[in-house]
Undergrad: 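Just passing along the structure, written as structure tokens.
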Amino acid sequence: MRAVSGTNDKGSIQTDIGQDVIDEAVRSVERRMDGDADGAQTEVELDVSAPADADAATPEVASPTEDMAALRQEVESLRAQLDFSQTKARETLERLKEAHERAKDFQDRAIRSAADLENYRKRAQKEKEDVQRFGVEKLLKDLLPVVDNLDRALDAAGKSPDFDSFQKGVAMTRKSFEDALARHGVKGFSAKGQPFDPRLHEAIQQVESADVPAGHVLYEVTRGFHLNDRLARPAMVVVARAPEAAAPPPEPAAPAASAEAPKASEEGSSAATQPSASSDSSSGGSQ
């Protein structure tokens, strides 16, 4: 059973009444009901005084003003955090948008660059094929006049038996041919009388000769040519070699008669000396 003792500004206070107090009050009422036959009212007094430690056990309610201040402060803190988070989110969104725009720009540039590279590759391939097919067009235009001059020389040789004029015409045609080659970087070089150089010459034979020093080109079979400082064809040459030294002739053998003649002369000289010796001795004896 619970009884309310009173109310104050802080709220109602509830107090627990023990079971023994309740039982004693019930018994007291029963006794009084039995003793009073006249039916007079009997007042029952209940000791509903609160225990001494009731106030101590009741928790104190915090002041609403302090709670509102704390709540307001917490709300302000949460609002500041929310504003900060929203600001950071907007900044991040802006950075992501800029990064997306840059990535899209880079992608567009990469696509354009790939297309330009493919177009350049196709153009280069076509130019390479054109060079391979028509690269000699300029050289051909320079050589055609040489062919025309050769045709004229052959015509002139058939109509006139003048060999000197024909020779001069061929020489002029050859000169025009060399000039046409020179305009395209082709130049010939002479190897006759030069020291043999395996980088420029190709030896096909070696001949003994005293006209040029050994190891030099005696004469060239075909001329060599350069193409823009690069060897286009080596000169085919014959290289001189020192002549071998002649062996001394052998001494002829002496005949037999000539061998006996010195012996006879030696004997005659010895016989001639002997009389002189005897004459010397005889002259000494006479003295």
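In this chain, residues are counted from 1 in sequence order. Scope of the values below: all heavy atoms of this structure, side chains included, with no hydrogens, waters or symmetry mates. What you see is a predicted model; the values in this text were computed from it and never measured.
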Undergrad: Is there a side-chain contact between Val238 and Val217 in this structure, where contact means two heavy atoms from C-beta onward sitting under 4.5 Å apart?
TA: no
Undergrad: Any salt bridge linking Lys126 with Asp130? Criterion: basic side-chain nitrogen under 4.0 Å from a carboxylate oxygen.
TA: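 Salt bridge: yes.
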Undergrad: What closest approach, in Å, do Ala235 and Glu220 show between heavy atoms, and which atom pair accounts for it?
TA: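 Looks like CB-OE1, 4.5 Å.
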Undergrad: Between Glu178 and Arg223, does at least one N-O distance fall below 4.0 Å, as a salt bridge requires?
TA: yes
Undergrad: Check the pair Arg183 / Asp179 against salt bridge (Lys or Arg N to Asp or Glu O under 4.0 Å), numbers first and verdict last.
TA: CA-CA 6 Å; Arg183 285 194 295 271; Asp179 293 341; 5.8 Å; no
Undergrad: Using residues 191-209 as the side-chain source, report each donor-acceptor pair under 3.5 Å to any protein atom, sequence neighbours left out, with the distance given to one decimal.
TA:
{"from": "Asp197", "atom 1": "OD1", "to": "Arg199", "atom 2": "N", "distance (Å)": "3.1"}
{"from": "Asp197", "atom 1": "OD1", "to": "Arg199", "atom 2": "NE", "distance (Å)": "3.3"}
{"from": "Asp197", "atom 1": "OD2", "to": "Arg199", "atom 2": "NH2", "distance (Å)": "3.2"}
{"from": "His201", "atom 1": "ND1", "to": "Asp197", "atom 2": "N", "distance (Å)": "3.0"}
{"from": "Glu208", "atom 1": "OE2", "to": "Arg241", "atom 2": "NH2", "distance (Å)": "3.4"}
{"from": "Ser209", "atom 1": "OG", "to": "Asp211", "atom 2": "N", "distance (Å)": "3.1"}

Undergrad: Please list, chain by chain and in numerical order, all residues satisfying side chain to side chain donor-acceptor pair (under 3.5 Å) with Arg79, sequence neighbours excluded.
TA: Glu76
Undergrad: Would a 4.5 Å heavy-atom cut-off, applied to side chains only, mark Asp83 and Gln86 as touching?
TA: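 Yes - at least one pair of side-chain heavy atoms lies under 4.5 Å apart.
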Undergrad: Do Arg109 and Asp105 meet the salt-bridge criterion of a basic N to acidic O distance under 4.0 Å?
TA: yes
Undergrad: Please check if the number of heavy atoms outside Glu74 that lie under 6.0 Å from its CD is greater than 12.
TA: no
Undergrad: Taking atom CZ as the centre, does Arg233 end up with more than 12 heavy-atom neighbours from other residues, nucleotides or ligands that are less than 6.0 angstrom away?
TA: yes
Undergrad: Could you list all the ring-ring contact (aromatic ring centres under 6.0 Å, His included) pairs where at least one residue sits in residues 158-190, not counting sequence neighbours?
TA: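 Counting only pairs at least two positions apart or across chains, the ring-ring contact (aromatic ring centres under 6.0 Å, His included) contacts touching residues 158-190 are Phe189-His226.
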Undergrad: Hydrophobic cluster mates of Leu144, side-chain heavy atoms under 4.5 angstrom, ILVMFWY only, any path?
TA: Leu140
Undergrad: So do the side chains of Asn149 and Met172 get within less than 4.5 Å of each other, counting heavy atoms only?
TA: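 SC-SC contact between Asn149 and Met172 ruled out.
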Undergrad: Show your working on salt bridge (Lys or Arg N to Asp or Glu O under 4.0 Å) between Arg121 and Glu118 and close with a plain yes or no.
TA: CA-CA 5 Å; Arg121 188 187 66 80; Glu118 182 65 19; 2.7 Å; yes
Undergrad: Does Glu137 have any side-chain contact (heavy atoms from CB on, under 4.5 Å) partners at least two apart in sequence or in another chain, and if so, which?
TA: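 Glu137: side-chain contact (heavy atoms from CB on, under 4.5 Å) contacts with Phe134, Lys141.
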Undergrad: Please say whether more than 12 non-hydrogen atoms of neighbouring residues, nucleotides or ligands are located less than 6.0 Å from CG in Asp229.
TA: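 Open.
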Undergrad: With sequence neighbours left out, write down each residue that passes salt bridge (Lys or Arg N to Asp or Glu O under 4.0 Å) with Asp155, or none if nothing qualifies.
TA: none
Undergrad: Are Val146 and Phe225 connected into the same hydrophobic cluster when the rule is that any two of I, L, V, M, F, W, Y join if their side-chain heavy atoms are below 4.5 Å apart?
TA: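 Linked within one cluster.
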Undergrad: Which value, rounded to the nearest 0.5 Å, describes the distance between Leu143 atom CG and Lys138 atom NZ?
TA: 12.5 Å
Undergrad: Applying a strict under-4.5 Å side-chain criterion to I, L, V, M, F, W and Y, I'd like to know whether Val239 and Tyr219 cluster together.
TA: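 Hydrophobic grouping puts Val239 apart from Tyr219.
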Undergrad: Give, for atom CZ of Arg72 and atom CG of Asp67, the distance between the pair rounded to the nearest 0.5 Å.
TA: 11.5 Å
Undergrad: Under 4.5 Å between any side-chain heavy atoms of Val147 and Asp151, yes or no?
TA: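 They are in side-chain contact.
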Undergrad: Within the distance-only criterion (no hydrogens, no angle test), does the side chain of Ser165 pair as donor or acceptor with the backbone N or O of Asp162 below 3.5 angstrom?
TA: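 Pair absent, no side-chain N/O of Ser165 close to backbone of Asp162.
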Undergrad: Starting at CG of Leu154, measure out to CZ of Arg152 and round the result to the nearest 0.5 Å.
TA: 12.0 Å
Undergrad: Nearest 0.5 Å, what's the CD1-CG distance between Ile111 and Asp116?
TA: 12.0 Å
Undergrad: I need the His100 NE2 to Gln107 CD distance, nearest 0.5 Å.
TA: 9.0 Å
Undergrad: Any non-hydrogen side-chain atom of Met68 less than 4.5 Å from a side-chain atom of Thr65?
TA: no
Undergrad: Start with the C-alpha gap between Val170 and Gln167, add the side-chain angles, then the distance that decides, and say whether side-chain contact (heavy atoms from CB on, under 4.5 Å) holds.
TA: CA-CA 5 Å; Val170 172; Gln167 185 178 8; 5.9 Å; no
Undergrad: Would you check if Ser85 and Lys88 make a side-chain contact, meaning some heavy-atom pair closer than 4.5 Å?
TA: no
Undergrad: Looking at CG of Leu82 and OG of Ser77, how far apart are the two atoms once the value is rounded to the nearest 0.5 Å?
TA: 11.0 Å
